[in-house]
K.L.:
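Structure in structure tokens, see below.
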Amino acid sequence: MVAPAGPAGDDPLRVVLEHRARGTSRDRGGARPARHVPRARARRHGAGGAGGARADRPVRAREGSALSAPTLAPRFDPGPIEARWQRAWEEHGAFRAPERPTGPTFAMVLPPPNVTGVLTLGHALGDTVMDAFVRQARMRGLATLWVPGVDHAGLATQVEVRRRLAREGVRFESLDREAKREALVRWKEEFEPRILAQIRAGGFSVDWSRYRYTLDAGSVHATRLAFERLYQAGLVYRGERLVNWDPKLRSAVSDLEVEHREEDGELIVARYRWADGGEAGLDVATVRPETIFGDVAVAVHPEDERHRAAIGRTVLVPIVDRPVPVIGDAAVDPAFGAGALKITPRHDLVDREIFLRHPELAEPGEIFDDDARLTGPSVPAEFQGLDRAAARARAIDALAVQGRLVRREPYRHSVARSERSDEVIEPRMSVQWFLRMGPLAAPVIEGVRRGEVRLHPERWSRTFFRWMEGIQDWCLSRQSVWGHPIPAFYCEECGTLAVGPEAPTSCPKCQAVRFRADPDVFDTWFTSWMWPFAALGWPERTGDLAHYYPTQLLVTGRDIMFFWVARMMMAGYWFTGAAPFSDVYFTGMMRDEQGRRMSKHLGNSPDPAALVRERGADTLRFALLFPNPSDEDGAFSTAALDGARNFLTKLWNLVRFAVPQLPPGTPPPAGPPELGSAAPLADRWIVERYRQTVVEVDRSLAAFAPTGATTALHGFLWHDLADRYVEIAKEALSGRLGEPARRSAQATTLFVLERSLRLLHPFAPHVTEELWHALPHDGELLACAAWPSATEPPADPAAIAAMEPVLETIRLLRNVRAEERFPIGLNPRGYVRPGGAEAARVLASERGTITRLVRLSELEILGAGDAPPAHAASRVAPFGECFLERPPTGVGRSDALARERERLAELLAKARARLADPGFIARAPPEVVAEHRRKEAELAGRLATLDRHLEEAAT
RNA sequence: GGGCCGGUAGUCGAGCGGUGAAGAUGCCGCGCUUACAACGCGGAGGUCGGCGGUUCGAAUCCGCCCCGGCCCA
């Protein structure tokens with residue numbers, strides 16, 4: 001593979017830095033290349049009138065620039081094309097949002113990818129969807145802004161760095177804070193350029209001059225201010241709570257960062273003997289015997305007949321024989337184990353809740369350290385320092401030796417693991433910062449109810465509401481050096497807490513001047529939840545914030561609906577008083593060919609960067625949207641890539657064919673060709689099919705269903721335009737049908753092709769840009785050309801109806817040739833007997849087309865009384881009959897007629913059964929009844945004709 | 001345990017109350033053509049997961065069940 005030349009091969013960071021530098025001079029009027037999109041057109045599509053040529057768009061000299069029209073290579077090779085156009089777009093500032101837009105805007109933030117590594121196929125899907133929307137908006141003349149950025153990704157990055165250091169033999173935990181931070185910065189500096197290079201190689205139309213990073217100065221400012229405001233509003237608190245502790249990361253993680261998985265384990269039943277002696281006692285089932293040292297009680301259900309008498313008695317915790325009370329609590333499931341639950345309040349959420357309901361119980365001591373090794377005064381010497389697995393094994397042994405092990409059995413149960421490190425979570429009491437979410441969630445719930453934010457597909461709103469309504473407080477602090485330090489300071493003398501961007505000069509309580517900064521950092525999402533406005537400059541009152549906020553659309557995978565989308569909405573309403581975006585589009589999750597979710601763990605995710613290098617960005621992008629659904633989980637396969645490449649190659653060859661058909665100096669299509677009712681039918685037909693495609697593409701995108709758009713374009717361009725229209729039009733284009741026909745076909749071909757490239761551009765931007773420049777065109781870049789109007793060619797549904805018998809005749813006669821094995825070199829005589837005047841007229845006028853495409857020697861139109869030659873092969877269609885003269889040597893026979901008869905008979909029976917139902921006649925709408933009557937008559941007639949053909953064939 | 005989403009030709013999927021159920025890929029046959037074999041033409045392949053209900057009419061709406069997947073506990 002040849003490495004693409006130009007910017008894609010450059011160091012993207014340097015490019016970004018250049019953009020930043022240039023960005024400072026943005027206010028110089030005219031420094032930014034004009035985008036040449038008249039604002040008046042920004043209203044709605046279609047309303048703006050003319051779609052194509054704009055007199056107000058100057059055509060610059062093309063000599064020597066990247067914009068010069070290249071001759072198309074025989075073969076579609078995406079690499080060089082993509083590099084060239086990416087550079088051209090950038091040089092023209094095509095994606096640079098105006099500083100002071102005056103018309104409607106369309107803004108999005110790119111969900112900032114983590115600097116953990118390289119981008120995944122999931123990113124590629126989201127970026128592809130976003131680019132489709134933003135490019136369409138740009139072509140519609142809206143002032144568009146797509147803000148790129150990357151996320152420092154807190155603990156996720158730390159996990160990667162820790163892993164890499166471990167491979168080098170360095171234990172992350174052994175480093176001091178500064179060394180840790182350096183290692184993390186090194187990682188970021190290494191991966192950020194790679195990620196940016198990938199975004200660039202994909203051709204995504206982001207505005208690099210607005211590039212942001214979640215740890216840059218602006219983010220620091222925004223994060224600190226946000227925390228201070230929330231603290232002052234009384235929404236932030238610090239306290240000791242049971243948190244999800246990740247012993248590997250040595251940090252708390254939020255509920256959302258915990259995955260629950262079914263895993264095989266072991267259920268241990270241990271006997272807690274009565275304190276007053278004897279072998280008898282309560283049998284307690286547990287999967288965590290190593291936490292026995294933290295037990296403060298044994299709980300039974302108060303209504304449980306077996307155990308009611310035990311409440312109030314005392315049992316001995318095995319191994320250590322420490323006495324604890326038996327308590328009654330309704331949370332105990334009497335059906336689980338023997339109905340008795342050991343209570344370890346510092347290491348289990350349910351236990352904690354039970355504990356809090358029983359104030360008589362003493363607060364237990366801690367039994368685990370930060371690494372989840374046993375420690376503390378309640379742990380016997382031989383267990384000190386053991387990790388959980390070792391401690392569990394030893395505890396089971398100890399129980400057995402003591403004779404307290406009643407039973408052990410295999411047990412499958414749900415295990416909580418840290419999403420980041422995959423380590424088993426240890427619920428643990430810890431002092432952390434929390435954010436009260438209830439007050440933040442309320443306006444969001446109302447806002448979504450009022451329709452201020454719409455979710456697509458809409459069905460996700462139920463899941464969204466359920467989570468929002470049961471929202472839990474958010475643990476904001478992380479025990480890490482990678483992230484924004486929590487701006488909280490403690491007086492060295494009296495411990496008084498001060499929250500603010502800087503440490504106070506003196507303690508408000510004791511006037512001491514020495515302060516200790518909080519050692520923790522924020523959860524990475526505490527910065528990204530403000531991204532839609534923080535990335536636009538908040539809290540500064542920047543122009544971008546004024547012009548482009550709230551944004552219009554957010555596209556992301558629904559796996560981060562709660563992590564990110566919901567929280568962004570909360571931050572948006574709370575900090576800015578507005579929803580941060582009006583529409584949210586959730587993409588599905590990418591799956592592999594076996595339907596498995598793609599993950600690093602399985603190693604089944606192809607590297608999108610490699611795919612772009614090998615197959616091209618357009619190919620990958622089209623493969624992601626066609627034919628895969630984008631809002632359901634879609635399987636990704638090489639077959640999809642091949643399909644996309646084949647389609648783009650088809651398009652390539654289509655334009656390669658069309659260009660030489662146009663006379664030199666052909667001007668760009670100013671509008672649809674002049675096609676009166678006397679115009680060639682095929683020209684009218686393809687223009688109408690094009691118009692229908694515009695409608696379908698618009699409809700699909702407006703409905704947030706980009707797959708519908710690619711499906712419509714694929715079908716139209718390949719099957720209607722290339723396979724049918726061009727084949728038909730070749731005769732006219734040759735000039736053999738005369739100059740008017742030729743000019744009509746030329747104008748039609750050029751118009752439909754040029755406009756189709758515009759329609760396809762949001763989905764395959766590079767190749768369409770390349771092909772567009774090979775055609776007569778108006779304007780410098782397709783990326784900035786006007787979006788086609790669905791009203792520009794007037795609707796002409798009659799053309800579709802008229803074309804039907806022609807296309808069907810061609811298909812049926814070809815079918816006869818193939819099925820009955822007519823010799824290849826033989827061009828037989830064909831006959832059609834139209835069933836009506838309209839069909840007769842159309843078939844007569846299109847006789848040449850049919851003759852040519854079926855390769856007949858001649859096509860004869862038979863009157864009602866005319867007979868075809870004896871032993872002609874035949875087919876029966878709704879509009880009439882068609883025949884092919886068999887050669888004297890004879891040909892093969894097919895049972896096509898008999899099969900068709902059977903099929904029609906079934907349809908007729910169904911239609912008749914319907915019409916025989918009095919309920920149907922009485923209740924169905926009249927037009928439906930009429931349609932069935934028409935169908936019945938048509939089928940009956942056709943069946944009779946078919947029977948006659950079968951009889952003749954039998955003789 | 002609770003909830004959500006899906007089940008349409010071998011495979012992937014569109015359609016989501018009234019059309020004879022798109023399309024892609026794979027398969028079979030044939031390749032003579034003013035671009036394209038990464039292609040053209042023709043063809044075969046479906047009780048729309050199962051059962052019941054609502055309706056004049058169900059792939060489409062409702063209920064139950066089965067199977068996949070996801071989320072929450």
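All chains are named by letter (A, B, ...) in the order of the sequence lines, taking the proteins before the strands, and each is independently numbered beginning at 1.
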K.L.:
Where does RNA chain B form stems of at least three consecutive Watson-Crick or G-U wobble pairs, each pair having both distances below 3.5 Å?
P.N.:
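Stem segments, range with range: B:1-7 with B:66-72, B:10-12 with B:23-25, B:27-31 with B:39-43, B:49-53 with B:61-65.
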
K.L.:
Considering residues at least two apart in sequence or located in another chain, which fulfil the side chain to side chain donor-acceptor pair (under 3.5 Å) criterion with Ser744(A)?
P.N.:
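Applying side chain to side chain donor-acceptor pair (under 3.5 Å) to Ser744(A) gives Asp683(A).
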
K.L.:
Between A24(B), A38(B), C32(B), which nucleotide has the shortest distance from any of its atoms to the side chain of His714(A)?
P.N.:
A24(B)

K.L.:
Between Asn827(A) and Ile921(A), just flag the one whose closest nucleotide in RNA chain B comes earlier from the 5' side.
P.N.:
Asn827(A)

K.L.:
Taking salt bridge (Lys or Arg N to Asp or Glu O under 4.0 Å) as the test, write out the residues that go with Arg811(A), two or more places apart.
P.N.:
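Salt bridge (Lys or Arg N to Asp or Glu O under 4.0 Å) list for Arg811(A), sorted by chain: Glu808(A).
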
K.L.:
With rounding to the closest Å, how many angstrom separate the P atoms on C71(B) and C41(B)?
P.N.:
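Their P atoms lie roughly 44 Å apart.
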
K.L.:
Would you give a per-nucleotide map of nucleotides 39-46 of chain B, 5' to 3', where B means the base has a protein non-hydrogen atom under 4.0 Å away, S means only the sugar-phosphate does, and - means neither?
P.N.:
SSSSSS--

K.L.:
Give me the distance, rounded to whole Å, that separates U8(B) from G46(B) when you measure between the C1' atoms they each carry.
P.N.:
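Going atom to atom, C1' in each nucleotide, I get 8 Å.
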
K.L.:
For U19(B) versus G57(B), give the span between their P atoms, rounded off to a whole number of Å.
P.N.:
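It comes out at 14 Å once rounded to the nearest Å.
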
K.L.:
Work out how far the P atom of C32(B) is from that of G68(B), and round it to whole angstrom.
P.N.:
50 Å

K.L.:
Say we look at G45(B) and G23(B): how far apart would their P atoms be, to the nearest angstrom?
P.N.:
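Each nucleotide's P atom is 15 Å from the other's.
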
K.L.:
List for me each residue that meets side chain to side chain donor-acceptor pair (under 3.5 Å) alongside Arg75(A), sequence neighbours excluded, and say none if there are none.
P.N.:
none

K.L.:
The side chain of Ser414(A) is closest to which nucleotide in this list: U34(B), A35(B), A73(B)?
P.N.:
A73(B)

K.L.:
Let me spell it out: for each of Asn653(A) and Gly919(A), pick the nucleotide of RNA chain B with the closest heavy atom. Which residue's pick is nearer the 5' end?
P.N.:
Asn653(A)

K.L.:
Could you write out each protein N or O paired with an N or O of nucleotides 57-61 of chain B at a distance under 3.5 Å?
P.N.:
| unit_1 | atom_1 | unit_2 | atom_2 | d |
| --- | --- | --- | --- | --- |
| G57(B) | O2' | Arg914(A) | NH2 | 2.2 |

K.L.:
With sequence neighbours excluded, tell me which residues meet side chain to side chain contact (heavy atoms under 4.5 Å, CB included) with Glu902(A).
P.N.:
none

K.L.:
For nucleotides G6(B) and C12(B), find the distance between their C1' atoms and express it as a whole number of Å.
P.N.:
14 Å

K.L.:
Which nucleotide wins on minimum distance to the side chain of Leu654(A), given the candidates C71(B), U34(B), A35(B)?
P.N.:
A35(B)

K.L.:
When you measure from the side chain of Ile824(A), which nucleotide among A24(B), G31(B), G29(B) comes out closest?
P.N.:
G31(B)

K.L.:
Quick one: does NZ or CZ of Lys650(A) land under 6.0 Å from the six-membered ring centre of Phe76(A), within 45 degrees of the ring axis?
P.N.:
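No.
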
K.L.:
Please determine if Glu727(A) and Arg852(A) form a salt bridge, counting it only when a charged side-chain N lies under 4.0 Å from a carboxylate O.
P.N.:
no

K.L.:
Just the atom pairs and distances: protein N or O near nucleotides 20-22 of chain B's N or O, under 3.5 Å.
P.N.:
| unit_1 | atom_1 | unit_2 | atom_2 | d |
| --- | --- | --- | --- | --- |
| G20(B) | OP1 | Lys935(A) | NZ | 2.4 |
| G20(B) | OP2 | Lys935(A) | NZ | 3.0 |
| G20(B) | O6 | Glu938(A) | OE1 | 3.1 |
| G20(B) | O6 | Arg942(A) | NH2 | 3.0 |
| G20(B) | N1 | Arg942(A) | NH2 | 2.7 |
| G20(B) | N2 | Arg903(A) | NH1 | 3.1 |
| G20(B) | N2 | Arg903(A) | NH2 | 2.6 |
| G20(B) | N3 | Arg903(A) | NH1 | 3.4 |

K.L.:
Heavy atoms from C-beta onward define the side chain here; which of C4(B), A38(B), A35(B) lies closest to that of Thr649(A)?
P.N.:
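Comparing C4(B), A38(B), A35(B) against the side chain of Thr649(A), the answer is A38(B).
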
K.L.:
If the P atom of C62(B) is compared with that of G18(B), how far apart are they to the nearest Å?
P.N.:
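Per the computed distance, 15 Å lies between those P atoms.
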
K.L.:
Do the ring planes of His714(A) and Phe647(A) sit parallel (below 30°), tilted (30 to 60°) or perpendicular (above 60°)?
P.N.:
tilted

K.L.:
Side-chain contact test, heavy atoms from C-beta onward, threshold under 4.5 Å: evaluate it for Arg829(A) versus Leu856(A) and give yes or no.
P.N.:
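Result no, sub-4.5 Å side-chain heavy-atom pair not found.
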
K.L.:
List in chain and number order the residues that pass side chain to side chain contact (heavy atoms under 4.5 Å, CB included) with Ala896(A), two or more places apart in sequence or in another chain; answer none if no residue qualifies.
P.N.:
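Testing Ala896(A) for side chain to side chain contact (heavy atoms under 4.5 Å, CB included), a comparison that skips the adjacent residues, returns Glu819(A), Arg875(A), Ser894(A), Arg899(A).
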
K.L.:
Taking the six-membered ring for Trp, are Phe626(A) and Phe763(A) ring centroids under 6.0 Å apart?
P.N.:
no

K.L.:
At under 4.0 Å between heavy atoms, what does Ala911(A) touch on the DNA or RNA strands: base, sugar-phosphate, or nothing?
P.N.:
nothing

K.L.:
Regarding Arg821(A), tell me which of base, sugar-phosphate or nothing describes its non-hydrogen contacts under 4.0 Å with the strands shown.
P.N.:
sugar-phosphate

K.L.:
Are side-chain heavy atoms of Leu826(A) and Pro887(A) found at a separation under 4.5 Å?
P.N.:
yes

K.L.:
Please report the distance separating the P of C51(B) from the corresponding atom of A14(B), rounded so that it comes out in whole Å.
P.N.:
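Approximately 24 Å lies between the P atom of C51(B) and that of A14(B).
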
K.L.:
For Arg814(A), which residues count as a side chain to side chain donor-acceptor pair (under 3.5 Å) partner, sequence neighbours excluded?
P.N.:
none

K.L.:
Using a cut-off of 4.0 Å on non-hydrogen atoms, how would the nucleic acid contact of Ala924(A) be classed: base, sugar-phosphate, or nothing?
P.N.:
base

K.L.:
What residues form a side chain to side chain donor-acceptor pair (under 3.5 Å) with Trp467(A), not counting sequence neighbours?
P.N.:
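For Trp467(A) there are no side chain to side chain donor-acceptor pair (under 3.5 Å) partners, ignoring immediate neighbours.
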
K.L.:
Is the number of heavy atoms from other residues, nucleotides or ligands under 6.0 Å of Gln472(A) CD greater than 12?
P.N.:
no

K.L.:
According to the ring pair (Phe, Tyr, Trp, His ring centres under 6.0 Å) rule, which pairs have a member within residues 900-922 of chain A, sequence neighbours left out?
P.N.:
Phe920(A)-His932(A)

K.L.:
Select base, sugar-phosphate, or nothing to describe what Glu906(A) touches, counting heavy atoms under 4.0 Å on all strands.
P.N.:
nothing

